[in-house]
Amino acid sequence: MGAINTAAYLASIRSKMDAQQQVVALLESELQKSILGDSSTKISDLTGLGGSIEEIYSDAGLIDSSGNGVGQGWLDAINSANDGTDGNGGFPASQAIDQDFLRQMLYQARALLGELRIEEQAWNGEVNSEKTLRKEVNDFAKV
């Protein structure tokens, strides 16, 4: 089993963070529209929102082609609200998107972003310790 390339793994985490920041911005925008009373944003529009999130997540590797990964819960929630299988009798497609639903999605997006930041800090420490170790080995070899 080979060693983990910590710098590459750190770059992967950072790309996931970038994707998650895009999702947070997208949800913030939808919530703002909802708060301002943009009546054009309906439950049926969640398909487009879900598609945008799915594209962001799949590009960043947060979900794979079979739908596995961190982003899948998001898509499930959006799709269940969109197709009326929310467990509460469903939503009419013409109903405005519920602000509480968007807030919950936004809280979850921010929580995932926080988890990625913690992971980034940990791997950043690994990368820095590897750099220090390489420098010490090089210095020792020069002696």
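These numbers come from a predicted model, not from an experiment.
- Here the side chain of Ser29 pairs no donor or acceptor atom with the backbone of Ala25 at under 3.5 angstrom.
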Using atom types as modelled, flag every donor-acceptor pair under 3.5 Å from a side chain in residues 113-124 to any protein atom, sequence neighbours excluded.
from, atom 1, to, atom 2, distance (Å)
Glu119, OE2, Tyr9, OH, 3.3
Glu120, OE2, Arg14, NE, 2.8

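- Rounding to the nearest 0.5 Å places CG of Leu31 at 12.0 Å from CE of Met105.
- Put simply, CG on Leu133 and CG on Asn138 are 9.5 Å apart, with the number rounded to the nearest 0.5 Å.
- To the nearest 0.5 angstrom, Lys16 atom NZ is 9.5 Å from Leu112 atom CG.
- Judged as a side-chain hydrogen bond (donor to acceptor under 3.5 Å, both in side chains), and not counting sequence neighbours, the contacts of Glu130 are Thr6.
- Every residue meeting the side-chain hydrogen bond (donor to acceptor under 3.5 Å, both in side chains) condition with Glu28, not counting sequence neighbours, appears here in chain and number order: Arg110.
- Considering only heavy atoms from C-beta on, Met17 stays 4.5 Å or farther from Gln20 through its side chain.
- Here the closest heavy-atom approach between residue Ala109 and residue Val24 is recorded as CB-CG2, 3.6 Å.
- Looking only at side-chain heavy atoms (C-beta outward), Gln108 and Gln104 come within less than 4.5 Å of each other.
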